[in-house]
Engineer: 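Let me give you the structure first, and then I'll get to my questions.
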Amino acid sequence: MFEDLRDLYQEVIFDHNRNPRNFRVMDDANRQVEGFNPLCGDRLTLFLKIDDGTITDASFQGSGCAISTASVSLMTEIIKGKSESEADALFTQFHEMATGKDHEVQLEALGKLAVLAGVREYPARVKCATLAWHTLDAALKNQQQSISTE
Amino acid sequence: MTHYSVANIRADFPILAETIRNKPLVYLDNAASCQKPQAVIDSLVHTYSHEYANIHRGVHTLSVKATDRFEAAREKVRGFINAASHKEIIFVRGATEAINLVAQSYGRSQLQAGDEIVISAMEHHANIVPWQMLCQQIGTVLKVAPINQAGELLLDDYLALLSDKTKLVAITHMSNALGSINPVETIIAAAHARNIPVLLDGAQAIPHMSVDVQALDCDFYVFSGHKLYGPSGTGVLYGKQALLEAMPPYQGGGDMIRQVTFAKTEYAGLPHKFEAGTPAIAEIIGLGAAIDYLNAIGMANIAAHEADLLAYATEQALAIQGLNIIGQASHKGGILSFTLDRIHPHDIGTMLDSLGIAIRAGHHCAMPVMDFYGVPATARASFGLYNTREEVDVLMQGIRSLIEVFG
Ligand SMILES: Cc1ncc(COP(=O)(O)O)c(C=O)c1O
(Lines give C-alpha, C1' and ligand atoms only; values in the text may rest on other atoms or scores of the structure.)
Protein backbone atom coordinates (compact mmCIF):
# COMPACT_ATOMS: atom_id res chain seq x y z
CA MET A 1 0.00 0.00 0.00
CA PHE A 2 2.89 2.38 0.69
CA GLU A 3 4.93 1.53 -2.45
CA ASP A 4 5.76 5.19 -3.04
CA LEU A 5 7.48 5.37 0.31
CA ARG A 6 9.90 2.50 -0.11
CA ASP A 7 12.81 4.86 -0.73
CA LEU A 8 12.04 6.82 2.40
CA TYR A 9 11.12 4.04 4.81
CA GLN A 10 13.61 1.31 4.15
CA GLU A 11 13.64 -1.79 6.32
CA VAL A 12 16.82 -0.59 8.07
CA ILE A 13 14.91 2.47 9.23
CA PHE A 14 12.06 0.42 10.67
CA ASP A 15 14.63 -1.78 12.36
CA HIS A 16 16.49 1.10 14.03
CA ASN A 17 13.18 2.70 14.98
CA ARG A 18 12.04 -0.48 16.69
CA ASN A 19 15.41 -1.19 18.29
CA PRO A 20 17.44 1.98 18.52
CA ARG A 21 21.15 1.35 19.09
CA ASN A 22 23.09 3.13 21.83
CA PHE A 23 19.87 4.33 23.41
CA ARG A 24 21.08 5.12 26.90
CA VAL A 25 22.34 7.82 29.21
CA MET A 26 26.13 7.96 29.34
CA ASP A 27 27.37 8.81 32.81
CA ASP A 28 30.98 9.46 31.85
CA ALA A 29 30.28 11.48 28.72
CA ASN A 30 32.46 14.53 28.24
CA ARG A 31 30.19 16.11 25.65
CA GLN A 32 26.43 16.37 25.96
CA VAL A 33 24.22 18.45 23.68
CA GLU A 34 20.47 18.67 23.24
CA GLY A 35 18.95 18.88 19.80
CA PHE A 36 15.46 20.23 19.26
CA ASN A 37 13.31 20.46 16.17
CA PRO A 38 10.75 23.12 17.05
CA LEU A 39 8.72 22.31 13.98
CA CYS A 40 7.76 18.89 15.25
CA GLY A 41 8.77 18.93 18.90
CA ASP A 42 11.39 16.21 18.46
CA ARG A 43 14.05 16.28 21.13
CA LEU A 44 17.20 14.30 21.60
CA THR A 45 20.20 14.38 23.85
CA LEU A 46 23.48 13.24 22.36
CA PHE A 47 26.27 11.94 24.61
CA LEU A 48 29.85 11.60 23.43
CA LYS A 49 33.01 10.41 25.04
CA ILE A 50 36.02 11.86 23.28
CA ASP A 51 39.52 10.73 24.20
CA ASP A 52 42.52 12.31 22.47
CA GLY A 53 40.44 13.45 19.52
CA THR A 54 38.73 10.09 19.04
CA ILE A 55 35.06 9.41 19.71
CA THR A 56 35.26 6.35 21.93
CA ASP A 57 31.58 6.18 22.82
CA ALA A 58 28.33 7.71 21.59
CA SER A 59 24.76 7.34 22.84
CA PHE A 60 21.45 9.19 22.85
CA GLN A 61 18.12 9.69 24.58
CA GLY A 62 14.94 11.28 23.40
CA SER A 63 11.90 10.76 21.26
CA GLY A 64 11.28 11.40 17.63
CA CYS A 65 9.86 10.02 14.42
CA ALA A 66 11.20 6.91 12.72
CA ILE A 67 13.44 8.96 10.46
CA SER A 68 15.05 10.96 13.25
CA THR A 69 15.35 7.96 15.57
CA ALA A 70 16.94 5.82 12.86
CA SER A 71 19.21 8.68 11.88
CA VAL A 72 20.59 9.24 15.36
CA SER A 73 20.80 5.52 16.05
CA LEU A 74 22.80 4.92 12.86
CA MET A 75 24.94 7.94 13.55
CA THR A 76 25.98 6.77 17.02
CA GLU A 77 26.99 3.43 15.52
CA ILE A 78 29.03 4.91 12.75
CA ILE A 79 30.92 7.65 14.59
CA LYS A 80 32.25 5.37 17.29
CA GLY A 81 35.98 4.99 16.75
CA LYS A 82 36.12 7.92 14.33
CA SER A 83 38.32 10.93 14.91
CA GLU A 84 36.66 14.26 15.43
CA SER A 85 37.70 15.45 11.99
CA GLU A 86 36.40 12.27 10.36
CA ALA A 87 33.08 12.73 12.12
CA ASP A 88 32.98 16.32 11.03
CA ALA A 89 33.58 15.28 7.42
CA LEU A 90 30.71 12.79 7.72
CA PHE A 91 28.46 15.56 8.97
CA THR A 92 29.20 17.60 5.85
CA GLN A 93 28.66 14.65 3.54
CA PHE A 94 25.47 13.60 5.26
CA HIS A 95 24.10 17.10 5.11
CA GLU A 96 24.83 17.32 1.41
CA MET A 97 23.17 14.00 0.79
CA ALA A 98 20.05 14.82 2.79
CA THR A 99 19.59 18.18 1.18
CA GLY A 100 20.12 16.68 -2.25
CA LYS A 101 23.41 18.25 -3.27
CA ASP A 102 25.68 16.14 -5.41
CA HIS A 103 24.38 12.85 -4.05
CA GLU A 104 25.91 10.33 -6.49
CA VAL A 105 29.41 10.83 -5.14
CA GLN A 106 28.41 10.94 -1.51
CA LEU A 107 26.38 7.74 -1.24
CA GLU A 108 29.30 5.36 -1.34
CA ALA A 109 31.31 7.27 1.24
CA LEU A 110 28.33 7.24 3.58
CA GLY A 111 27.86 3.49 3.54
CA LYS A 112 24.94 2.44 5.72
CA LEU A 113 23.84 6.05 6.16
CA ALA A 114 22.79 6.05 2.53
CA VAL A 115 19.45 4.49 3.57
CA LEU A 116 18.47 7.99 4.63
CA ALA A 117 19.05 9.46 1.19
CA GLY A 118 15.32 9.15 0.50
CA VAL A 119 14.52 12.19 2.61
CA ARG A 120 15.78 14.54 -0.06
CA GLU A 121 12.54 13.86 -1.96
CA TYR A 122 10.57 14.91 1.14
CA PRO A 123 11.52 18.46 2.04
CA ALA A 124 9.25 18.38 5.08
CA ARG A 125 11.29 15.50 6.51
CA VAL A 126 14.87 16.58 5.82
CA LYS A 127 15.22 18.12 9.25
CA CYS A 128 14.17 14.86 10.88
CA ALA A 129 17.21 13.21 9.35
CA THR A 130 19.65 16.06 9.96
CA LEU A 131 18.73 16.87 13.57
CA ALA A 132 21.11 14.21 14.91
CA TRP A 133 23.95 15.50 12.77
CA HIS A 134 23.45 19.13 13.67
CA THR A 135 23.54 18.05 17.29
CA LEU A 136 26.78 16.16 16.63
CA ASP A 137 28.22 19.21 14.91
CA ALA A 138 27.47 21.30 17.99
CA ALA A 139 29.01 18.65 20.24
CA LEU A 140 32.18 18.54 18.14
CA LYS A 141 32.43 22.30 18.35
CA ASN A 142 31.99 21.87 22.08
CA GLN A 143 28.90 24.08 22.20
CA GLN A 144 27.05 23.55 25.45
CA GLN A 145 23.82 25.17 24.39
CA SER A 146 21.00 23.13 22.99
CA ILE A 147 20.64 23.52 19.27
CA SER A 148 17.58 23.79 17.13
CA THR A 149 17.07 23.01 13.46
CA GLU A 150 15.41 26.35 12.81
CA MET B 1 -33.29 20.61 7.27
CA THR B 2 -32.88 21.20 3.57
CA HIS B 3 -31.21 18.41 1.66
CA TYR B 4 -27.46 18.58 2.18
CA SER B 5 -25.76 17.42 -0.98
CA VAL B 6 -22.12 16.89 -0.22
CA ALA B 7 -21.54 15.94 -3.86
CA ASN B 8 -22.82 19.31 -5.03
CA ILE B 9 -20.77 21.07 -2.40
CA ARG B 10 -17.61 19.23 -3.43
CA ALA B 11 -18.18 20.30 -7.01
CA ASP B 12 -17.95 23.91 -5.81
CA PHE B 13 -14.35 23.39 -4.64
CA PRO B 14 -12.02 22.96 -7.62
CA ILE B 15 -9.03 21.85 -5.56
CA LEU B 16 -10.90 18.75 -4.38
CA ALA B 17 -10.48 17.34 -7.89
CA GLU B 18 -6.68 17.39 -7.50
CA THR B 19 -4.64 14.23 -7.16
CA ILE B 20 -1.79 14.04 -4.67
CA ARG B 21 0.93 11.49 -5.40
CA ASN B 22 -1.47 10.01 -7.96
CA LYS B 23 -4.27 9.52 -5.44
CA PRO B 24 -7.45 11.57 -5.12
CA LEU B 25 -6.93 14.29 -2.55
CA VAL B 26 -8.56 13.60 0.83
CA TYR B 27 -8.30 16.95 2.53
CA LEU B 28 -8.58 16.62 6.30
CA ASP B 29 -6.54 19.60 7.44
CA ASN B 30 -9.37 22.08 7.65
CA ALA B 31 -8.49 23.26 11.14
CA ALA B 32 -5.23 24.61 9.70
CA SER B 33 -6.91 26.21 6.72
CA CYS B 34 -9.94 25.50 4.54
CA GLN B 35 -10.14 25.19 0.78
CA LYS B 36 -11.97 27.84 -1.22
CA PRO B 37 -15.20 27.49 -3.19
CA GLN B 38 -15.35 28.72 -6.78
CA ALA B 39 -17.50 31.64 -5.58
CA VAL B 40 -14.58 32.97 -3.53
CA ILE B 41 -12.05 32.40 -6.32
CA ASP B 42 -14.42 34.11 -8.77
CA SER B 43 -14.83 37.02 -6.40
CA LEU B 44 -11.06 37.56 -6.27
CA VAL B 45 -10.78 37.35 -10.04
CA HIS B 46 -13.77 39.66 -10.49
CA THR B 47 -12.41 42.30 -8.14
CA TYR B 48 -9.00 42.33 -9.75
CA SER B 49 -10.46 42.17 -13.27
CA HIS B 50 -13.18 44.78 -12.89
CA GLU B 51 -13.46 46.54 -9.58
CA TYR B 52 -10.06 47.05 -8.03
CA ALA B 53 -8.68 50.30 -6.67
CA ASN B 54 -7.66 51.54 -3.26
CA ILE B 55 -10.55 52.24 -0.93
CA HIS B 56 -11.72 55.22 1.09
CA ARG B 57 -9.43 57.57 -0.80
CA GLY B 58 -10.64 58.41 -4.24
CA VAL B 59 -13.46 60.16 -5.95
CA HIS B 60 -12.91 58.12 -9.06
CA THR B 61 -15.41 55.47 -10.01
CA LEU B 62 -13.30 52.41 -9.35
CA SER B 63 -12.29 53.56 -5.90
CA VAL B 64 -15.91 54.22 -5.01
CA LYS B 65 -16.91 50.80 -6.31
CA ALA B 66 -14.14 49.01 -4.42
CA THR B 67 -15.04 50.93 -1.26
CA ASP B 68 -18.70 49.93 -1.64
CA ARG B 69 -17.79 46.27 -2.07
CA PHE B 70 -15.39 46.39 0.88
CA GLU B 71 -17.98 47.96 3.16
CA ALA B 72 -20.58 45.50 1.88
CA ALA B 73 -18.27 42.71 3.08
CA ARG B 74 -18.20 44.35 6.51
CA GLU B 75 -21.99 44.31 6.55
CA LYS B 76 -21.96 40.62 5.59
CA VAL B 77 -19.62 39.84 8.49
CA ARG B 78 -21.81 41.89 10.82
CA GLY B 79 -24.86 39.90 9.80
CA PHE B 80 -22.99 36.59 9.96
CA ILE B 81 -22.13 37.01 13.63
CA ASN B 82 -25.13 39.25 14.38
CA ALA B 83 -23.15 42.20 15.68
CA ALA B 84 -25.23 45.25 16.56
CA SER B 85 -23.31 47.62 14.30
CA HIS B 86 -20.85 47.59 11.42
CA LYS B 87 -18.71 49.85 13.61
CA GLU B 88 -17.96 46.80 15.73
CA ILE B 89 -16.37 44.88 12.84
CA ILE B 90 -12.65 45.57 12.52
CA PHE B 91 -10.82 43.98 9.62
CA VAL B 92 -7.38 42.59 10.45
CA ARG B 93 -5.03 39.97 9.00
CA GLY B 94 -6.33 37.12 11.12
CA ALA B 95 -7.21 35.90 14.58
CA THR B 96 -3.60 36.37 15.65
CA GLU B 97 -3.55 40.04 14.77
CA ALA B 98 -6.96 40.57 16.37
CA ILE B 99 -5.75 39.19 19.70
CA ASN B 100 -2.55 41.22 19.53
CA LEU B 101 -4.66 44.29 18.83
CA VAL B 102 -6.77 43.71 21.92
CA ALA B 103 -3.71 42.92 24.05
CA GLN B 104 -1.84 46.01 22.98
CA SER B 105 -4.69 48.49 22.69
CA TYR B 106 -7.17 47.35 25.31
CA GLY B 107 -4.58 45.71 27.53
CA ARG B 108 -2.10 48.54 27.67
CA SER B 109 -4.75 51.24 28.12
CA GLN B 110 -7.11 49.52 30.55
CA LEU B 111 -4.97 47.08 32.56
CA GLN B 112 -2.35 47.72 35.21
CA ALA B 113 0.45 45.90 36.95
CA GLY B 114 -0.96 43.17 39.16
CA ASP B 115 -4.17 42.81 37.16
CA GLU B 116 -4.89 39.25 36.13
CA ILE B 117 -5.78 37.82 32.73
CA VAL B 118 -7.42 34.39 32.70
CA ILE B 119 -6.87 32.03 29.78
CA SER B 120 -7.28 28.26 29.58
CA ALA B 121 -4.89 25.34 29.28
CA MET B 122 -6.16 24.52 25.78
CA GLU B 123 -5.25 27.78 24.06
CA HIS B 124 -3.52 28.18 20.71
CA HIS B 125 -0.22 30.06 21.02
CA ALA B 126 -2.03 33.03 19.44
CA ASN B 127 -4.08 33.32 22.62
CA ILE B 128 -1.12 32.85 24.95
CA VAL B 129 1.87 34.75 23.62
CA PRO B 130 0.20 38.19 23.11
CA TRP B 131 -0.85 38.08 26.78
CA GLN B 132 2.61 37.02 27.91
CA MET B 133 4.04 39.94 25.97
CA LEU B 134 1.59 42.28 27.67
CA CYS B 135 2.52 40.84 31.06
CA GLN B 136 6.18 41.54 30.35
CA GLN B 137 5.38 45.05 29.23
CA ILE B 138 3.09 46.22 32.02
CA GLY B 139 3.30 43.62 34.77
CA THR B 140 -0.10 41.95 34.43
CA VAL B 141 -0.32 38.32 35.54
CA LEU B 142 -1.46 35.38 33.43
CA LYS B 143 -3.69 32.75 35.09
CA VAL B 144 -4.45 29.47 33.38
CA ALA B 145 -7.70 27.56 33.92
CA PRO B 146 -6.92 23.82 33.80
CA ILE B 147 -8.51 21.05 31.74
CA ASN B 148 -9.27 17.42 32.51
CA GLN B 149 -8.01 14.32 30.72
CA ALA B 150 -10.94 14.43 28.31
CA GLY B 151 -9.86 17.91 27.25
CA GLU B 152 -12.71 19.75 28.96
CA LEU B 153 -12.29 22.99 30.81
CA LEU B 154 -12.55 22.49 34.57
CA LEU B 155 -15.31 24.98 35.22
CA ASP B 156 -14.98 25.05 38.99
CA ASP B 157 -11.29 25.84 38.70
CA TYR B 158 -12.06 28.52 36.17
CA LEU B 159 -14.65 30.07 38.48
CA ALA B 160 -12.20 29.92 41.38
CA LEU B 161 -9.64 31.88 39.36
CA LEU B 162 -11.98 34.84 38.92
CA SER B 163 -11.36 37.52 41.50
CA ASP B 164 -11.31 41.27 41.96
CA LYS B 165 -7.89 41.19 40.33
CA THR B 166 -9.19 39.56 37.15
CA LYS B 167 -9.52 42.20 34.46
CA LEU B 168 -9.92 40.08 31.34
CA VAL B 169 -10.85 36.55 30.33
CA ALA B 170 -9.50 35.35 26.97
CA ILE B 171 -10.58 31.85 26.07
CA THR B 172 -11.05 29.74 23.02
CA HIS B 173 -14.55 28.97 21.78
CA MET B 174 -13.29 25.69 20.31
CA SER B 175 -9.86 24.10 20.73
CA ASN B 176 -7.82 23.51 17.58
CA ALA B 177 -5.75 20.75 19.15
CA LEU B 178 -8.57 18.83 20.89
CA GLY B 179 -11.83 19.89 19.28
CA SER B 180 -13.38 20.72 22.66
CA ILE B 181 -16.14 23.32 22.54
CA ASN B 182 -16.11 25.40 25.69
CA PRO B 183 -19.24 26.27 27.68
CA VAL B 184 -18.81 29.90 26.71
CA GLU B 185 -22.23 31.04 27.96
CA THR B 186 -21.33 29.96 31.50
CA ILE B 187 -17.81 31.33 31.17
CA ILE B 188 -19.12 34.71 30.06
CA ALA B 189 -21.93 34.91 32.62
CA ALA B 190 -19.53 34.21 35.47
CA ALA B 191 -17.06 36.81 34.25
CA HIS B 192 -19.74 39.40 33.68
CA ALA B 193 -21.07 38.89 37.18
CA ARG B 194 -17.75 40.44 38.20
CA ASN B 195 -17.71 42.99 35.40
CA ILE B 196 -14.86 41.20 33.66
CA PRO B 197 -14.87 41.46 29.86
CA VAL B 198 -14.43 38.28 27.84
CA LEU B 199 -12.58 37.72 24.57
CA LEU B 200 -13.49 34.58 22.65
CA ASP B 201 -11.01 33.09 20.19
CA GLY B 202 -13.42 31.92 17.52
CA ALA B 203 -10.82 30.85 14.94
CA GLN B 204 -11.97 27.22 15.13
CA ALA B 205 -15.59 27.66 16.14
CA ILE B 206 -16.68 30.02 13.39
CA PRO B 207 -16.59 27.56 10.45
CA HIS B 208 -18.48 24.90 12.39
CA MET B 209 -21.46 26.59 14.03
CA SER B 210 -23.58 29.70 13.86
CA VAL B 211 -22.23 32.39 16.14
CA ASP B 212 -24.33 35.22 17.55
CA VAL B 213 -22.14 37.66 19.43
CA GLN B 214 -25.11 39.47 20.93
CA ALA B 215 -26.69 36.27 22.23
CA LEU B 216 -23.29 35.19 23.60
CA ASP B 217 -22.76 38.69 24.99
CA CYS B 218 -19.00 38.31 24.54
CA ASP B 219 -17.02 41.53 24.56
CA PHE B 220 -14.55 40.57 21.86
CA TYR B 221 -14.75 37.80 19.26
CA VAL B 222 -11.90 37.07 16.86
CA PHE B 223 -11.55 34.82 13.84
CA SER B 224 -9.59 34.27 10.61
CA GLY B 225 -11.12 34.36 7.13
CA HIS B 226 -8.96 31.56 5.77
CA LYS B 227 -10.49 29.05 8.17
CA LEU B 228 -13.95 30.17 7.02
CA TYR B 229 -13.41 29.17 3.38
CA GLY B 230 -12.31 32.73 2.61
CA PRO B 231 -8.98 34.16 1.45
CA SER B 232 -5.90 34.19 3.68
CA GLY B 233 -4.78 37.56 5.00
CA THR B 234 -8.26 38.37 6.27
CA GLY B 235 -9.53 38.33 9.81
CA VAL B 236 -12.08 39.94 12.03
CA LEU B 237 -12.05 41.55 15.42
CA TYR B 238 -15.53 42.05 16.79
CA GLY B 239 -15.67 44.30 19.83
CA LYS B 240 -18.53 45.93 21.68
CA GLN B 241 -18.71 49.51 20.52
CA ALA B 242 -18.24 51.09 23.93
CA LEU B 243 -15.05 49.10 24.51
CA LEU B 244 -13.64 49.88 21.08
CA GLU B 245 -14.47 53.57 21.49
CA ALA B 246 -12.43 53.67 24.70
CA MET B 247 -9.41 51.97 23.14
CA PRO B 248 -6.53 53.85 21.52
CA PRO B 249 -5.47 52.94 17.96
CA TYR B 250 -3.25 49.91 17.54
CA GLN B 251 -1.28 51.17 14.55
CA GLY B 252 -0.97 54.63 13.06
CA GLY B 253 -1.06 55.59 9.43
CA GLY B 254 -3.37 56.33 6.57
CA ASP B 255 -7.11 55.62 6.74
CA MET B 256 -7.28 55.75 10.54
CA ILE B 257 -7.16 59.54 10.87
CA ARG B 258 -9.58 62.40 10.62
CA GLN B 259 -7.05 65.20 10.58
CA VAL B 260 -3.29 65.30 10.80
CA THR B 261 -1.02 68.23 11.51
CA PHE B 262 2.49 67.95 12.87
CA ALA B 263 1.17 69.20 16.17
CA LYS B 264 -1.66 66.74 16.59
CA THR B 265 -3.64 63.98 14.97
CA GLU B 266 -7.33 63.40 15.35
CA TYR B 267 -8.28 59.78 14.86
CA ALA B 268 -11.04 58.51 12.65
CA GLY B 269 -14.12 56.95 14.18
CA LEU B 270 -14.94 53.25 14.31
CA PRO B 271 -14.17 50.99 12.60
CA HIS B 272 -11.50 52.92 10.68
CA LYS B 273 -9.61 53.93 13.80
CA PHE B 274 -8.23 50.38 13.92
CA GLU B 275 -7.63 49.93 10.21
CA ALA B 276 -4.44 51.80 9.45
CA GLY B 277 -3.04 51.39 5.97
CA THR B 278 -4.33 49.63 2.89
CA PRO B 279 -6.08 46.41 3.89
CA ALA B 280 -6.43 43.15 1.94
CA ILE B 281 -9.13 44.69 -0.25
CA ALA B 282 -9.94 41.95 -2.74
CA GLU B 283 -9.48 39.29 -0.07
CA ILE B 284 -11.91 40.89 2.32
CA ILE B 285 -14.45 41.24 -0.47
CA GLY B 286 -13.76 37.54 -1.07
CA LEU B 287 -14.48 36.83 2.59
CA GLY B 288 -17.88 38.38 1.98
CA ALA B 289 -18.35 35.94 -0.88
CA ALA B 290 -17.43 33.04 1.43
CA ILE B 291 -20.08 34.19 3.90
CA ASP B 292 -22.71 34.38 1.15
CA TYR B 293 -21.75 30.86 0.16
CA LEU B 294 -22.01 29.52 3.72
CA ASN B 295 -25.29 31.31 4.36
CA ALA B 296 -26.79 29.70 1.28
CA ILE B 297 -25.94 26.26 2.69
CA GLY B 298 -26.79 27.17 6.28
CA MET B 299 -24.45 26.93 9.25
CA ALA B 300 -26.87 24.62 11.07
CA ASN B 301 -26.75 22.19 8.15
CA ILE B 302 -22.97 22.35 8.07
CA ALA B 303 -22.81 21.71 11.82
CA ALA B 304 -25.10 18.68 11.47
CA HIS B 305 -23.06 17.26 8.60
CA GLU B 306 -19.79 17.65 10.49
CA ALA B 307 -21.25 16.20 13.68
CA ASP B 308 -22.18 13.11 11.70
CA LEU B 309 -18.66 12.85 10.26
CA LEU B 310 -17.05 13.26 13.67
CA ALA B 311 -19.29 10.63 15.26
CA TYR B 312 -18.58 8.23 12.41
CA ALA B 313 -14.82 8.86 12.53
CA THR B 314 -14.69 8.57 16.32
CA GLU B 315 -16.53 5.27 16.30
CA GLN B 316 -14.14 3.85 13.70
CA ALA B 317 -11.06 5.23 15.43
CA LEU B 318 -12.04 3.68 18.75
CA ALA B 319 -12.13 0.30 17.05
CA ILE B 320 -8.47 0.55 16.01
CA GLN B 321 -6.11 -1.07 18.50
CA GLY B 322 -3.22 1.14 19.50
CA LEU B 323 -5.01 4.34 18.49
CA ASN B 324 -5.52 6.89 21.24
CA ILE B 325 -7.89 9.78 20.71
CA ILE B 326 -6.48 12.94 22.28
CA GLY B 327 -9.45 15.05 23.31
CA GLN B 328 -12.72 13.33 24.11
CA ALA B 329 -14.76 16.22 25.40
CA SER B 330 -18.49 15.59 25.52
CA HIS B 331 -19.03 18.69 23.42
CA LYS B 332 -16.72 18.62 20.41
CA GLY B 333 -16.39 20.06 16.93
CA GLY B 334 -15.08 18.21 13.87
CA ILE B 335 -11.56 17.49 15.03
CA LEU B 336 -10.03 14.08 15.62
CA SER B 337 -6.63 14.38 17.26
CA PHE B 338 -4.89 11.06 17.89
CA THR B 339 -1.68 9.20 18.50
CA LEU B 340 -0.69 5.66 17.58
CA ASP B 341 1.32 3.49 19.94
CA ARG B 342 5.00 3.48 18.92
CA ILE B 343 4.39 5.45 15.70
CA HIS B 344 5.35 9.10 15.64
CA PRO B 345 2.76 11.54 14.24
CA HIS B 346 5.21 12.69 11.57
CA ASP B 347 5.51 9.22 10.22
CA ILE B 348 1.72 8.98 10.25
CA GLY B 349 1.55 12.27 8.33
CA THR B 350 4.05 11.23 5.66
CA MET B 351 2.50 7.80 5.23
CA LEU B 352 -1.03 9.13 4.90
CA ASP B 353 0.23 11.79 2.49
CA SER B 354 1.49 9.05 0.22
CA LEU B 355 -2.15 7.91 0.04
CA GLY B 356 -3.34 11.40 -0.86
CA ILE B 357 -4.60 12.12 2.65
CA ALA B 358 -3.73 15.53 4.10
CA ILE B 359 -3.75 15.66 7.89
CA ARG B 360 -1.73 17.75 10.31
CA ALA B 361 1.03 16.19 12.36
CA GLY B 362 2.65 18.31 15.02
CA HIS B 363 1.97 20.34 18.12
CA HIS B 364 -0.77 22.42 16.47
CA CYS B 365 0.62 25.63 17.97
CA ALA B 366 -0.56 24.36 21.32
CA MET B 367 2.61 23.08 23.00
CA PRO B 368 1.12 23.34 26.51
CA VAL B 369 -1.65 20.96 25.41
CA MET B 370 0.96 18.50 24.14
CA ASP B 371 2.82 18.79 27.46
CA PHE B 372 -0.41 18.14 29.35
CA TYR B 373 -0.92 14.88 27.49
CA GLY B 374 2.80 14.03 27.63
CA VAL B 375 3.14 13.70 23.85
CA PRO B 376 5.49 15.63 21.55
CA ALA B 377 2.83 15.89 18.89
CA THR B 378 -0.42 14.39 17.65
CA ALA B 379 -1.88 13.55 14.28
CA ARG B 380 -5.04 15.51 13.59
CA ALA B 381 -7.80 14.98 11.07
CA SER B 382 -10.17 17.93 10.92
CA PHE B 383 -13.39 17.98 8.96
CA GLY B 384 -15.01 20.59 6.79
CA LEU B 385 -18.32 20.97 5.06
CA TYR B 386 -17.12 19.06 1.97
CA ASN B 387 -15.76 15.94 3.66
CA THR B 388 -17.51 12.59 3.34
CA ARG B 389 -17.89 9.32 5.18
CA GLU B 390 -16.01 7.67 2.31
CA GLU B 391 -13.05 9.92 3.06
CA VAL B 392 -13.20 8.85 6.69
CA ASP B 393 -13.09 5.25 5.45
CA VAL B 394 -9.99 6.01 3.36
CA LEU B 395 -8.34 7.60 6.40
CA MET B 396 -9.12 4.67 8.68
CA GLN B 397 -7.94 2.14 6.10
CA GLY B 398 -4.73 4.14 5.77
CA ILE B 399 -4.20 4.14 9.53
CA ARG B 400 -4.79 0.39 9.78
CA SER B 401 -2.32 -0.25 6.96
CA LEU B 402 0.43 1.91 8.39
CA ILE B 403 0.11 0.23 11.77
CA GLU B 404 0.70 -3.03 9.93
CA VAL B 405 3.73 -1.72 8.04
CA PHE B 406 5.35 -0.41 11.21
CA GLY B 407 4.71 -3.76 12.87
C1 LIG C 1 -7.86 28.39 18.11
C2 LIG C 1 -6.99 29.21 17.21
N3 LIG C 1 -6.71 30.47 17.54
C4 LIG C 1 -5.95 31.26 16.75
C5 LIG C 1 -5.43 30.80 15.58
C6 LIG C 1 -4.57 31.72 14.77
O7 LIG C 1 -5.12 31.96 13.53
P8 LIG C 1 -4.29 32.72 12.41
O9 LIG C 1 -3.01 31.98 12.26
O10 LIG C 1 -5.16 32.63 11.21
O11 LIG C 1 -4.11 34.12 12.87
C12 LIG C 1 -5.68 29.50 15.19
C13 LIG C 1 -5.10 28.96 13.94
O14 LIG C 1 -4.56 27.88 13.86
C15 LIG C 1 -6.49 28.68 16.02
O16 LIG C 1 -6.76 27.42 15.69
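In what follows, every chain begins at residue 1, and chains take the letters A, B, ... in the order their sequences are listed.
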Engineer: Between chain A and each of Val405(B), Ile343(B), Val375(B), count heavy-atom pairs under 4.5 Å; write down the option with the most.
Structural biologist: Val405(B)
Engineer: May I ask you to name which of Gly64(A), Ala124(A), Ser68(A) has the most heavy-atom pairs under 4.5 Å with chain B?
Structural biologist: Gly64(A)
Engineer: Compute the centroid of each ring, for Phe223(B) and then for His173(B), and state whether the two points are separated by less than 6.0 Å.
Structural biologist: no
Engineer: Please state whether the side chain, the backbone, both or neither of Leu8(A) comes within less than 4.5 Å of a heavy atom of chain B.
Structural biologist: side chain
Engineer: Under 4.5 Å from any heavy atom of chain A, what part of Leu402(B) do you find: side chain, backbone, both or neither?
Structural biologist: both
Engineer: Quick one: sort the His134(A) and His95(A) rings into parallel, tilted or perpendicular, breaks at 30° and 60°.
Structural biologist: perpendicular
Engineer: Where do Ile325(B) and Leu318(B) come nearest, in terms of heavy atoms and distance?
Structural biologist: CD1-CD2, 3.8 Å
Engineer: Please state whether the side chain, the backbone, both or neither of Met370(B) comes within less than 4.5 Å of a heavy atom of chain A.
Structural biologist: neither
Engineer: Please classify the contact between Arg18(A) and chain B as side chain, backbone, both or neither, with a heavy-atom cut-off of under 4.5 Å.
Structural biologist: side chain
Engineer: Before giving the answer on side chain to side chain donor-acceptor pair (under 3.5 Å), spell out for Glu391(B) and Asn387(B) the whole-Å C-alpha distance, their side-chain angles and the decisive distance to 0.1 Å.
Structural biologist: CA-CA 7 Å; Glu391(B) 290 180 307; Asn387(B) 290 122; 2.9 Å; yes
Engineer: Angle between ring planes, Trp133(A) versus Phe94(A), binned at 30° and 60°: parallel, tilted or perpendicular?
Structural biologist: parallel
Engineer: Top residue by heavy-atom pair count (under 4.5 Å) with chain A, among Ser354(B), Gly349(B), Gly398(B), Gly362(B)?
Structural biologist: Ser354(B)
Engineer: Going by the side chain to side chain contact (heavy atoms under 4.5 Å, CB included) test, name the single residue among Ile99(B), Asn100(B), Leu101(B), Thr96(B) that passes it with Val222(B).
Structural biologist: Ile99(B)
